[in-house]
Amino acid sequence: MNTNNALRTIEMIRCASNAATAWRAAQHAVRKAQDEHDAAQVQLNHWNDHIYAMGGTDRASPGHSALLAADHVFQEAEQKVRKAEARLRRASARLQAHRPAFNRYPTHRNRTHVTTLLLDRLADHQVDLARAADLIIIQTSAGKDSIVAMHRTVAAAKAAGCLHKVRAMHCDLGSAEWPGVRELARRQAERYGIPFLVVTPGGGFLGMVENRRQWPDAKRRLCTSTLKRDPTGPVITAWVEELGLNRQAIVVNVMGVRGAESTLRARKPRLALDTRTTSANRLVLTWNIIHELSEQEVWQDIAANGLEYHPIYDTGLPRLSCVYCVLAGPDWLILATRVCFALELPLPETYAALERRIGHSFKQDFTLNAIIAASRMLDALDGPVTWRRGDALRQHLGPAVADRYLATFT
Ligand code: SF4
């Protein structure tokens, strides 16, 4: 399969889809405007007849003012019809321009089917995909999945001879994150010599909660959309402009999403068209490069390639990023709190105070205050939690692998 042809076909189908949608919307607008126009015409006729029946001279009568009002509505409706018709003409021209692609893939279903098929094939050819891209952006949280995604992306780009296209971007959520996350993300990018950018959404996670007086939850994950997804759009725009191309740029956005993490993530494809960010000057693809890896395989990649991971994984916590994740269950939150106690971090109190201030419980079923109380009780019973560097590798791959890994770093 020719990668460039596949990308061109995906773009053609996207344009045909957009043109078809615009055309249908314009048709609907014409029908609606025409209906309004017809209704106004009926009113106008009615008041005209009325005035005529009155002898056509009574300019001060209520009937006469109603006629003027109906005439005004009629004029407005006529304007609406003209505007809607112009819109329809433009949409028809667009549809005509994309007629070949539209005729070839006439229904929404087969357009989606062909796009999915092409993207799936492209995902099989990582080096070709890297070669075809103009810009490869790695969205890194500095977590274990991100570093493996970065390592694999860099490998594909190196094999394609285009490491210069790769850049890393990290969204810093402020004091809600474990200490050292931003610095680690920077070191991970520096290891490969790729440019690194930190995006700091104003106020961070805690500022967002304070403003909204509400915690995000699984249904309204504003933290990811507002703090992670939205700020990346302007960066992509600026980077594409920097390229100075006189054609549509191919942008590949790499994420460390794995199917094994959740049923929702399992349904995500390895490579997807980002229709929200794609425009006439950039075709943006989301590349879930490690989608098929298990957690064990991620740790194997980390150990085999000596990738630096955050020490928080050694405590037994499965994910990095926010200390208190709104998606986490009580066990995870209790462990996170006990780790905060051990590290003497003030975050539990900060969160509990915020929870009291906004009067909204961190989770629907329990408060953070309850989590903190349970953590204190467990600390009193079992003593503080302890861990050693390399425990995450010991747990997943055994002590010998952990020792070899640690020897690499020392
Ligand atoms: S780690 Fe959890 S709380 Fe933090 S941004 Fe991601 S989903 Fe939201």
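- Going from atom CG of Leu95 over to atom CG of Asn18 covers 11.5 Å, rounded to the nearest 0.5 Å.
- Here the CZ atom belonging to Arg270 is positioned 14.5 Å from the OG1 atom belonging to Thr286, to the nearest 0.5 angstrom.
- No donor-acceptor pair under 3.5 Å is formed between the side chain of Lys158 and the backbone N or O of Thr153.
- Trp299 is not listed as a side-chain neighbour of Val401, based on a closest heavy-atom distance of 4.5 Å or more.
- Pro201 pairs by the side chain to side chain contact (heavy atoms under 4.5 Å, CB included) definition with Leu227, Pro231, not counting sequence neighbours.
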### Task
Starting from the C-alpha separation in whole Å, work towards a yes-or-no answer on side chain to side chain contact (heavy atoms under 4.5 Å, CB included) for Asp134 and Lys165.
CA-CA 6 Å; Asp134 295 299; Lys165 295 176 184 173; 5.8 Å; no
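- The CZ atom of Arg8 lies 12.5 Å from the CG atom of Leu118; values are rounded to the nearest 0.5 Å.
- Exactly one of Arg389, Gln395, Arg394 qualifies for a side-chain hydrogen bond (donor to acceptor under 3.5 Å, both in side chains) with Asp391. That residue is Arg394.
- The environment of CZ in Arg212 is sparse: at most 12 heavy-atom neighbours from other residues, nucleotides or ligands sit within 6.0 Å.
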### Message
With salt bridge (Lys or Arg N to Asp or Glu O under 4.0 Å) as the criterion, how do Arg152 and Asp301 come out once you've worked through the C-alpha distance, each side chain's angles and the decisive distance to 0.1 Å?
### Response
CA-CA 9 Å; Arg152 292 191 170 213; Asp301 253 30; 2.9 Å; yes
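- For Tyr405 against Ile302, the heavy-atom pair with the smallest separation is CE1-O, 3.9 Å.
- Using modelled atom types, one side-chain atom of His396 and one backbone atom of Ala392 make a donor-acceptor pair closer than 3.5 Å.
- Classified by interplanar angle (parallel below 30°, tilted 30° to 60°, perpendicular above 60°), the ring pair Trp215/Tyr351 is parallel.
- A 4.5 Å side-chain heavy-atom check between Glu210 and Leu206 finds every atom pair outside the cut-off.
- At most 12 non-hydrogen atoms from other residues, nucleotides or ligands lie less than 6.0 angstrom from CZ of Arg121.
- Scored by the side chain to side chain contact (heavy atoms under 4.5 Å, CB included) test, Thr200 finds Asp172, Arg182, Val198 as partners (sequence neighbours excluded).
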### Message
One pair to check against side chain to side chain donor-acceptor pair (under 3.5 Å): Ser361 and Thr367. What are the steps and the verdict?
### Response
CA-CA 5 Å; Ser361 171; Thr367 62; 5.6 Å; no
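- Of all the heavy atoms in Val235 and Leu197, the pair that sits closest is CG1-CD2, 3.6 Å.
- Distance check, rounded to the nearest 0.5 Å: OG of Ser321 to CG of Leu173 gives 5.0 Å.
- A donor-acceptor contact under 3.5 angstrom links the side chains of Asp274 and Thr277, judged on distance only.
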### Task
Take Glu11 and Gln248 through the side chain to side chain donor-acceptor pair (under 3.5 Å) test and state the conclusion after the steps.
CA-CA 10 Å; Glu11 171 60 1; Gln248 190 185 41; 3.1 Å; yes
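- Every residue two or more places apart in sequence or in another chain that forms a side chain to side chain contact (heavy atoms under 4.5 Å, CB included) with Glu241 is listed here: Thr237.
- Because its NZ or CZ atom is both nearer than 6.0 Å to the ring centre of Trp239 and within 45° of the ring axis, Arg167 counts as a cation-pi partner of that residue.
- Scanning both residues, Cys171 and Thr232, for their nearest heavy atoms gives SG-CG2, 4.3 Å.
- Atom CH2 of Trp178 is separated from atom NE2 of His310 by 8.5 Å, given to the nearest 0.5 angstrom.
- You'll find the side chain of Met169 stays beyond 4.5 Å of the side chain of Ile138, heavy atoms only.
- In this structure, the side chains of Glu308 and Leu184 come closer than 4.5 Å at one or more pairs of heavy atoms.
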### Task
Evaluate side chain to side chain donor-acceptor pair (under 3.5 Å) for His113 paired with Tyr105, printing each intermediate quantity in order.
CA-CA 9 Å; His113 176 70; Tyr105 313 106; over 6 Å; no
### Task
Show your working on side chain to side chain donor-acceptor pair (under 3.5 Å) between Gln139 and Asn253 and close with a plain yes or no.
CA-CA 7 Å; Gln139 305 278 353; Asn253 217 1; 2.9 Å; yes
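- We find the CD1-CD1 distance between Ile250 and Ile136 to be 11.5 Å, quoted to the nearest 0.5 Å.
- The environment of CZ in Arg109 is sparse: at most 12 heavy-atom neighbours from other residues, nucleotides or ligands sit within 6.0 Å.
- The closest side-chain donor-acceptor pair between Arg338 and Ser375, if any, does not fall under 3.5 angstrom.
- Under the 30°/60° scheme for interplanar angles, the aromatic rings of Phe362 and Tyr324 are found to stand perpendicular.
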